[in-house]
Amino acid sequence: PVPGCLNVDQVFYLFREVHLSGRKIIAFDLNEVSTGGQEETEAEWDGNVGARILYKLCGWLVKSNA
């Protein structure tokens, strides 16, 4: 989490809007997800959020190319 950045629901909203616009998602990159160098609970949270976003991105990728 970074002050002023998007939260997970806002990211999912953007995925949905891209899909509804008729655009195709041809690739994506997920970065800034770390499980090291932090307190254990923060690292677990970052990994969990990253996995949820990756899962949703894969779903929207399939939907946009169907």
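Counting begins at 1 with the first residue of the sequence. Side-chain atoms are counted along with the backbone in the values below, which use heavy atoms only and exclude waters and symmetry mates.
Contacts classified as side-chain hydrogen bond (donor to acceptor under 3.5 Å, both in side chains) and involving residues 4-21 (residues at least two apart or in different chains) are given here: S21-R23.
For the atom pair CG (L20) and CZ (F15), the distance works out to 13.5 Å, reported to the nearest 0.5 Å.
Every residue meeting the side chain to side chain contact (heavy atoms under 4.5 Å, CB included) condition with L14, not counting sequence neighbours, appears here in chain and number order: L6.
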